[in-house]
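Right, one structure below, let's go through it.
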4 protein chains.
Amino acid sequence: MNNNKPKFKQIIDAAVKVIAQNGYHASQVSKIAKQAGVADGTIYLYFKNKEDILISLFQDKMGQFIEKIEEEILKHQGADEKLKALIGMHFKQLAEDHDLAIVTQLELRQSNKELRIKINEVLKRYLIVMDQIIKDGVDEGIFRSDLNPRLVRQMVFGTLDEIVTNWVMKDQKYELINQVDEIHTLIINGLKKV
Amino acid sequence: MNNNKPKFKQIIDAAVKVIAQNGYHASQVSKIAKQAGVADGTIYLYFKNKEDILISLFQDKMGQFIEKIEEEILKHQGADEKLKALIGMHFKQLAEDHDLAIVTQLELRQSNKELRIKINEVLKRYLIVMDQIIKDGVDEGIFRSDLNPRLVRQMVFGTLDEIVTNWVMKDQKYELINQVDEIHTLIINGLKKV
Amino acid sequence: MNNNKPKFKQIIDAAVKVIAQNGYHASQVSKIAKQAGVADGTIYLYFKNKEDILISLFQDKMGQFIEKIEEEILKHQGADEKLKALIGMHFKQLAEDHDLAIVTQLELRQSNKELRIKINEVLKRYLIVMDQIIKDGVDEGIFRSDLNPRLVRQMVFGTLDEIVTNWVMKDQKYELINQVDEIHTLIINGLKKV
Amino acid sequence: MNNNKPKFKQIIDAAVKVIAQNGYHASQVSKIAKQAGVADGTIYLYFKNKEDILISLFQDKMGQFIEKIEEEILKHQGADEKLKALIGMHFKQLAEDHDLAIVTQLELRQSNKELRIKINEVLKRYLIVMDQIIKDGVDEGIFRSDLNPRLVRQMVFGTLDEIVTNWVMKDQKYELINQVDEIHTLIINGLKKV
DNA sequence: TATGAATGAGGTTTCATTCAT
DNA sequence: GATGAATGAAACCTCATTCAT
């Protein structure tokens with residue numbers, strides 16, 4: 001029990017742990033409360049209802065996730081390097097927090113459509129980051145100027161997401177981070193032989 | 001389970017309709033039974049349990065889905081054309097059956113991890129199709145020979161899946177099929193300016 | 001357990017017994033189910049929710065209650081005799097079913113405003129019976145012609161109800177039925193010395 | 001918030017307002033505390049528990065209610081006039097304080113049997129007032145000497161109570177006070193034509 | 001006196017599944 | 001094979017009350 005941590009964070013962290021260990025549907029509020037070291041009722045002083053825990057969890061964790069990616073990108077020059085940094089940080093963060101990876105890639109997807117719509121809103125910020133990289137690349141003259149930003153975005157996110165999900169489902173038996181260069185190359189150059 | 005029986009199909013089609021209309025969590029067995037025009041108990045003469053309906057649904061519909069893609073690919077020559085055919089049929093089939101698109105892209109994902117593992121097994125056949133195209137492309141000398149088939153597969157599937165999911169969530173307001181060429185180009189050529 | 005009785009009646013009778021014994025707020029659905037000899041879920045095949053049990057209980061029991069009063073009145077001639085018959089049957093029925101008396105006089109009044117509004121609707125039929133007696137009395141020339149039917153009704157019902165409630169709260173230690181004549185005289189003649 | 005008023009009264013008045021506005025079951029201690037402008041815990045410095053608030057509320061308000069009736073009766077001569085004064089003041093006070101009328105006629109009745117027994121004790125003083133009027137009337141020779149005081153009391157109280165409750169439930173759409181004479185006549189003379 | 005964050009017991013309802021007919 | 005009435009486990013959330021400050 002970390003009583004220094006404010007209860008809000010304490011409960012969110014407990015939720016991540018409980019959901020990762022027990023799965024979404026077996027994660028009762030009472031289990032989360034126990035893990036957080038608070039009474040069941042205390043949960044409801046900080047969250048409107050159970051769904052609100054999940055939304056807050058996603059907002060909190062994904063907020064940090066995207067923020068770190070944004071910070072990392074600033075350190076790099078050129079759309080090409082920035083894209084590689086994005087992929088690297090995307091993988092690095094999920095590889096470093098297995099519980100979070102399980103929760104975001106597998107468990108939280110079992111939530112209902114309404115929750116998933118809210119989750120998508122959190123992800124919009126990530127899409128903006130991607131859009132900027134694409135725009136930069138076009139401006140730099142290294143990306144084709146006729147790219148459809150939405151499609152590129154969906155390709156990049158879809159690719160990374162599918163790769164991480166497979167990695168999680170295969171119990172994270174290989175190193176995600178090792179694949180950054182290959183994926184970067186795939187996205188930049190496609191399948192074509194030059 | 002007797003797959004020849006018309007009731008089997010009848011129940012699966014009812015399930016697709018009910019889930020598409022009501023969402024995964026509001027699709028009780030009794031609702032599916034009613035839509036299928038049978039008694040609740042009858043369901044259990046054809047399916048082991050509720051999960052079995054969903055697995056069977058996925059096997060049945062995705063089986064046909066992949067089959068049609070396989071057939072279409074046979075009509076085309078060269079990995080490049082085959083890939084375009086794959087993308088086209090992937091989109092075409094989901095665009096033609098909105099209920100199925102909703103069920104596979106949104107609703108069925110709310111199922112638990114175990115069910116999704118089984119779903120992944122059904123998809124293996126799709127992955128084999130993709131692998132063959134990749135291998136063909138390499139053999140033809142049009143794809144790079146150092147491609148990692150798993151990663152390519154995940155890129156292609158992740159991309160298509162993300163695009164379709166977004167299309168479904170945006171209430172299918174634009175034409176999926178119009179985007180085939182762009183996506184094909186993206187996958188083949190990447191983002192890079194030539 | 002009376003398996004001949006249809007479940008609907010069975011559950012209502014169980015509810016009366018459980019509420020009379022345990023009080024309104026300690027009468028959980030599970031307790032009623034147990035007393036009725038059915039599973040908790042079975043309750044919901046016959047009633048929409050817990051409140052619906054109570055409404056149905058009141059409709060069923062009060063329906064019979066009023067019906068018996070109506071029947072008894074038919075056997076008597078003249079508004080004066082009819083009124084006495086009404087008072088007599090009102091008291092007789094509640095005196096004969098102590099559980100029901102406790103439930104209708106004490107426990108059911110703890111229900112919320114909405115339920116009480118529905119209860120009042122059931123009682124409307126009783127009010128019609130009273131109105132008819134009043135009208136008869138006026139027509140016969142034995143009651144004053146300037147009586148306000150609503151007020152008379154409220155006086156009669158308020159009086160009987162208050163008397164029965166006191167009797168129930170005093171654990172029914174005296175005979176309700178013995179007081180019929182006195183009350184009848186009070187209502188007909190008032191307090192005044194002739 | 002009136003900080004001059006001692007907290008005890010302040011809390012009781014808050015309770016009346018909150019219960020009248022929200023209904024008995026939606027009147028949580030925290031809501032009453034907020035309305036009273038004190039902390040939740042402060043309530044428990046002045047009241048043993050929630051039930052104690054309600055009992056105190058009833059004692060306080062009904063104490064005043066009965067007191068005013070007693071005072072008014074003193075101004076009148078003869079049992080007949082005194083009874084009319086009692087009815088008048090009973091109606092007048094409730095008509096003048098709608099919140100109190102809602103609370104005493106509708107909301108407080110939803111309390112449990114134990115609370116209502118204590119409420120009845122408060123009302124005993126009212127019954128004594130009625131008993132005295134009845135006795136006076138008999139002594140004056142204007143009421144029948146064979147009246148059963150308990151029954152008369154229950155008739156009078158039951159009648160007034162039923163009339164006020166109906167008036168409150170019908171959203172107080174008509175003037176209660178206008179009916180004093182009719183009711184007085186009903187109680188004194190009964191239904192009979194002279 | 002006053003505060004208000006924390007507590008934790010308790011109950012209605014849903015729905016997948018069974019089994020007597 | 002087909003029925004559908006019956007089962008019963010399981011969990012979210014509220015709110016009166018406490019107590020350290």
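If you're wondering where the values come from, they're calculated on a predicted model, not measured in any experiment. We name chains A, B, ... by the order of the sequence lines, and we start the count at 1 in each one.
- Following rounding to the nearest Å, A/Tyr46 (OH) and F/dC13 (C1') show an atom-to-atom distance of 17 Å.
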In 5'-to-3' order, the base (B), backbone-only (S) or no-contact (-) status of each nucleotide in nucleotides 16-21 of chain E, using a 4.0 angstrom heavy-atom cut-off, is SBB---
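- In summary, of the residues considered (B/Gln105, B/Arg109, B/Gln110), a side chain to side chain donor-acceptor pair (under 3.5 Å) with B/Glu107 occurs for B/Gln110 alone.
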Result block: side-chain N/O donor-acceptor pairs under 3.5 angstrom for residues 38-51 of chain A, not counting sequence neighbours:
unit_1: A/Thr42; atom_1: OG1; unit_2: A/Ala39; atom_2: O; d: 3.4
unit_1: A/Asn49; atom_1: OD1; unit_2: A/Glu51; atom_2: N; d: 3.3
unit_1: A/Asn49; atom_1: OD1; unit_2: A/Asp52; atom_2: N; d: 3.0
unit_1: A/Lys50; atom_1: NZ; unit_2: A/Ser27; atom_2: O; d: 3.0

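- We find that NZ of A/Lys34 is positioned 15 Å from C1' of F/dA11, with the value rounded to whole Å.
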CA sep, side-chain torsions, deciding dist, call: B/Leu57, B/Val103, side-chain contact (heavy atoms from CB on, under 4.5 Å): CA-CA 10 Å; B/Leu57 181 165; B/Val103 171; 4.2 Å; yes
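- Between B/Tyr24 atom OH and E/dC15 atom C1' the separation is 13 Å, expressed in whole Å.
- Partners of D/Ala26 according to the side-chain contact (heavy atoms from CB on, under 4.5 Å) rule, which considers only residues two or more places apart in sequence or in another chain, are D/Asn22, D/Lys31.
- Nucleic acid contact for C/Phe47: none, since no nucleic acid atom lies under 4.0 Å from a heavy atom of the residue.
- Separation of atoms CD (A/Gln64) and CD (A/Gln59) is listed at 12.5 Å; rounding is to 0.5 Å.
- With rounding to whole Å, B/Ile43 atom CD1 is found 14 Å from F/dG1 atom P.
- Straight-line distance from the CZ atom of D/Phe8 to the P atom of E/dA2: 14 Å, rounded to whole Å.
- For C/Lys7 and F/dA5, the shortest distance from a side-chain N or O to OP1 or OP2 is not below 4.0 Å.
- Between D/Leu45 and A/Leu45, the residue anchored closer to the 5' end of DNA chain E is D/Leu45, taking for each the nucleotide with the nearest heavy atom.
- Side-chain nitrogen and oxygen atoms of A/Thr42 include none within less than 4.0 Å of the OP1 or OP2 phosphate oxygen of E/dA6.
- Taking CD1 of B/Ile19 as the start and NE2 of B/His25 as the end, the distance is 11.0 Å to the nearest 0.5 Å.
- For C/Gln21, the side chain to side chain donor-acceptor pair (under 3.5 Å) criterion is met by no residue, not counting sequence neighbours.
- Interatomic distance, CE of C/Met62 versus CD1 of C/Ile55, reported as 14.5 Å (0.5 Å rounding).
- With rounding to whole Å, A/Lys31 atom NZ is found 12 Å from F/dA10 atom C1'.
- For the pair B/Val168 and B/Leu94, the minimum side-chain heavy-atom distance is 4.5 Å or more.
- For residues 14-21 of chain A, proximity to DNA chain E is found at no residue, defined as any non-hydrogen atom under 4.0 angstrom from a strand atom.
- Secondary-structure stems of DNA chain E, taken as three or more successive Watson-Crick or G-U wobble pairs (i with j, i+1 with j-1) under a 3.5 Å distance threshold, comprise E:2-21 with F:2-21.
- Each of D/Asp97, D/Asp13, D/Thr104 was compared with D/Lys61 under the side chain to side chain donor-acceptor pair (under 3.5 Å) criterion, and only D/Asp13 meets it.
- Minimum interatomic distance between D/Gln35 and D/Ala14 (heavy atoms only, all atoms of both residues): CG-CB, 3.5 Å.
- What separates CD1 of A/Ile32 from P of F/dC13 is a distance of 11 Å, to the nearest Å.
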